[in-house]
Amino acid sequence: MLSAPDTFVGAAVSLNGISVAYATDSGDSVVAVNAADLNIEAGSIVALLGPSGCGKTSLLRAIAGLEDPTAGSVSIGGATVSSQGSGKRHWVKPEKRNVGMVFQDGALFPHLTVTQNIVFGLRSMRKALSRTEVLARVDELLDLVDLQGFGNRLPNTLSGGQQQRVALARSLAPQPKVLLLDEPFSALDTSLRVQVRAEVARIVRDVGVTTVFVTHDQDEAFVLGDRVAVMQAGNIEQFGTPDELYRSPATPWVAGFVGEANFVLGVVTGNDATFAATPIGVVTIEDRRTDPNSNDVQVLVRPEQVNLRHDPTDDTEAATIRTVEYYGHDVRYEVELADGTVLAARTHSTELYARGDIVYPSFQSRQRGSTSAAFSVDHADA
C-alpha cells in the first residue's frame, strides 16, 4: 500500500546561493530570489512563508526545475540537479528530478476522469507497469486521499477540496522523493481550507515524502510546517521551527509578520543584560539582538504576554482601554499608555473590561515562554 512508511523515501533538499532574476520589458533585471541558502531534511514539511512578491514561488519553481536560477545550486537526495557558476551550467530536466508538484488551482484536466487524471501522473512509469498494476496504484491513491468510488467522476463534479486531493494523488502517483505545493489552499473558502490542509498534512506525513509548500498565511505555515522559511524581498530572513520564529524572531519585521507584535521602549538592567525596564514592568530578555554599547532597546512583547489589572504596581503605568474585541475563549484589547503608545493585549474572558476603563498593563512573568527578544532602537521599525 502507498501509505506504508517504506513506500516513499523522502529526499533531503539543499539550496546553496540560489538566485533567480527576470528580465523586464525595459531591459532591466529584477531579482526575485537573492542568494538563498536552505537545507531541508528528508521527510520533513517546510513552509516558504512571505508576502506576495517576496520570491517564495520562484524558489519553489527553482527546486522543481521550472525556473533556471541565475546563480547557485540545487541538490535533491545528495545529487545536484541544478548549478550555475564559473561559466559552467548543470541542469536536470524537471521530469527527471523525481519531484511532484501541486498547483494553486489543482490544474486537473477537465475532460479526464479522476482515474485518468491520476494515471497521467504515472506517465513516466507506465511502460514498467501492467494495466492491472496501474489500476491497483490508482485504487491505492484514491484510498489514500479518501476518495474511494470517485474514479469515474469528472473534476467539475467535485468540490474544491476534492479536486485538490485528486491533484495530490496525481502528484504522489509516481512516488516522488519531494512534493512541492504552491499555495494549494488559497482558492478554498475558510472552513474548507482548514479541513483540506489537515487532510493533506495527514497524507504527506503518512507517506513520509519530503514536502515544501508556499503560503502567505502564517497560521497555515505554523500548523503544517515542521520548519518555516520566512522570506522578504527575495531573501530568507529566518529559518526555524514555528516556536523559534514566534519567540525568537531574527528581526522586528519577522516578529510582526509571524504574529501580532508590541514593541515597547526599554532600558537594559542587570550585569548580565537579561532584563529590561519598560512601562509595563521588567521584561526578561532571552534573545538580545542589539548594539552591545547601548542600553536602549525595543522589546518585543506578544499580546498574550500582557496582563491587565485594575490596581497599579510599583513599576507599571496607567493605560486606557480603547477597543474591546470579544472572541469567547479570549478577549483582545487595545490599551493606550500616557505617552500615546498603543499595546494589544489578549486575556482570558473571565474578567472583562470596557472601553474607557483605566488599567495597569504588566508583563506576564509567570506565563510559559515569558521571555522576549530585544532589538536596537534605531532598527526596530517593525
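All values below were derived from every heavy atom in this structure, side-chain atoms included, with hydrogens, water molecules and symmetry-related copies excluded. As the structure is a prediction and not an experimental result, all values here were calculated from the model.
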Side chain of Arg165, backbone of Val145: donor and acceptor closer than 3.5 Å?
yes

If only atom types and distance count, is the side chain of Thr115 paired as donor or acceptor with the main-chain N or O of Gly151 below 3.5 Å?
yes

Please evaluate residues Val223 and Val194 with respect to the criterion side-chain contact (heavy atoms from CB on, under 4.5 Å), reporting the C-alpha separation (whole Å), side-chain torsions for both, the decisive distance (0.1 Å), and the verdict.
CA-CA 10 Å; Val223 168; Val194 172; over 6 Å; no

Report yes or no: do Leu154 and Leu168 belong to one cluster of Ile/Leu/Val/Met/Phe/Trp/Tyr joined by side chain heavy-atom distances under 4.5 Å?
no

Please give me the minimum heavy-atom distance between Ala221 and Thr215, naming the atom from each residue.
CB-CG2, 3.9 Å

Short side-chain to backbone donor-acceptor contact, Gln164 and Phe185, under 3.5 Å
no

Is the backbone N or O of Pro249 less than 3.5 Å from a side-chain atom of Arg289, with the two atoms forming a donor-acceptor pair by type?
yes

According to a hydrophobic-cluster definition based on side-chain heavy atoms being under 4.5 Å apart (Ile, Leu, Val, Met, Phe, Trp, Tyr only), do Leu59 and Trp91 belong together?
no

Would you check if Val306 and Tyr333 make a side-chain contact, meaning some heavy-atom pair closer than 4.5 Å?
no

Determine, using the 4.5 Å side-chain heavy-atom cutoff (strictly less than), whether Phe150 and Leu135 are members of one ILVMFWY cluster.
no

Co-membership, hydrophobic cluster, residues Met231 and Tyr22, 4.5 Å side-chain:
yes

Using distance alone, with no hydrogens and no angle criterion, decide if Ser26 and Asp28 have a side-chain donor and acceptor under 3.5 Å apart.
yes

Before you tell me yes or no, could you show the steps for Phe213 and Val102 under side-chain contact (heavy atoms from CB on, under 4.5 Å), namely the whole-Å CA-CA distance, both residues' side-chain angles and the distance that decides it to 0.1 Å?
CA-CA 9 Å; Phe213 72 98; Val102 178; over 6 Å; no

Rounded distance [0.5 Å steps], OG1 in Thr211 versus CG in Leu181:
6.5 Å

Step through the shown structure and confirm whether more than 12 heavy atoms of other residues, nucleotides or ligands are within 6.0 Å of NE2 on His348.
no

Is Asn156 atom CG crowded by more than 12 heavy atoms from other residues, nucleotides or ligands, each under 6.0 Å away?
yes

Would a distance-only check, ignoring hydrogens and angles, find a side-chain to backbone donor-acceptor pair under 3.5 Å from Thr70 to Ser19?
yes

Is the number of heavy atoms from other residues, nucleotides or ligands within 6.0 Å of CZ (Arg355) greater than 12?
no

When rounded to the nearest 0.5 angstrom, what distance separates CG in Leu343 from CD in Glu260?
10.5 Å

N/O donor-acceptor pair under 3.5 Å between Ser349 side chain and Val331 backbone:
no

Quick check: are there more than 12 heavy atoms from other residues, nucleotides or ligands sitting under 6.0 Å from CD of Glu41?
no

With rounding to the nearest 0.5 Å, note down the distance linking CD in Gln364 to CG in Asn307.
4.0 Å

Can you list the steps and then say if Leu308 with Asp357 is a side-chain contact (heavy atoms from CB on, under 4.5 Å)?
CA-CA 11 Å; Leu308 301 179; Asp357 283 358; over 6 Å; no

Please tell me whether Tyr360 and Tyr353 are part of a single hydrophobic cluster in this structure, the criterion being side-chain heavy atoms less than 4.5 Å apart.
no

Tightest non-hydrogen contact, residues Pro176 and Val209, listed as O-CG2, 3.4 Å

Taking all non-hydrogen atoms of both residues into account, name the closest pair between Asp37 and Ile236 and its distance.
O-CD1, 3.6 Å

Under 3.5 Å, is there a donor-acceptor pair between the side chain of Arg302 and the main chain of Tyr246?
yes

Taking the side chain as everything from C-beta on, heavy atoms only, tell me whether Val204 gets closer than 4.5 Å to Ile45.
yes

For Val228 and Leu49, which heavy atoms make the closest approach, and how far apart are they?
CG1-CB, 3.8 Å

What verdict does the side-chain contact (heavy atoms from CB on, under 4.5 Å) test give for Leu108 and Val166, after you've listed the backbone C-alpha separation in whole Å, the side-chain angles of each residue and the deciding distance to 0.1 Å?
CA-CA 8 Å; Leu108 298 178; Val166 174; 3.8 Å; yes

Validation row: Leu38, Leu48 side chains within 4.5 angstrom (heavy atoms):
yes

Looking only at side chains, do Gln305 and Asn262 share a donor and an acceptor under 3.5 Å apart?
no

Using a distance-only test with no angle check, is there a side-chain donor-acceptor pair under 3.5 angstrom linking Thr241 and Asp243?
no

To check you understand the geometry: which heavy-atom pair defines the closest contact between Gln232 and Cys54, and what is its length?
CA-CB, 4.0 Å

Between Glu334 and Arg322 (side chain of the first, backbone of the second, donor and acceptor by atom type, cut-off under 3.5 Å), is there such a pair?
no

Does the side chain of Glu304 reach to within under 4.5 Å of the side chain of Asp330, using non-hydrogen atoms?
no

Determine the minimum heavy-atom distance between Ile40 and Ser44, stating which atoms define it.
CG2-OG, 3.5 Å

Is NZ or CZ of Arg346 both nearer than 6.0 Å to the six-membered ring centre of Tyr327 and within 45° of the ring axis?
yes

Is there a donor-acceptor contact under 3.5 Å from the side chain of Asn16 to the main chain of Ser73?
no

Quick check against the 3.5 Å criterion: does Lys56 have a side-chain atom that pairs as donor or acceptor with the backbone of Pro51?
yes

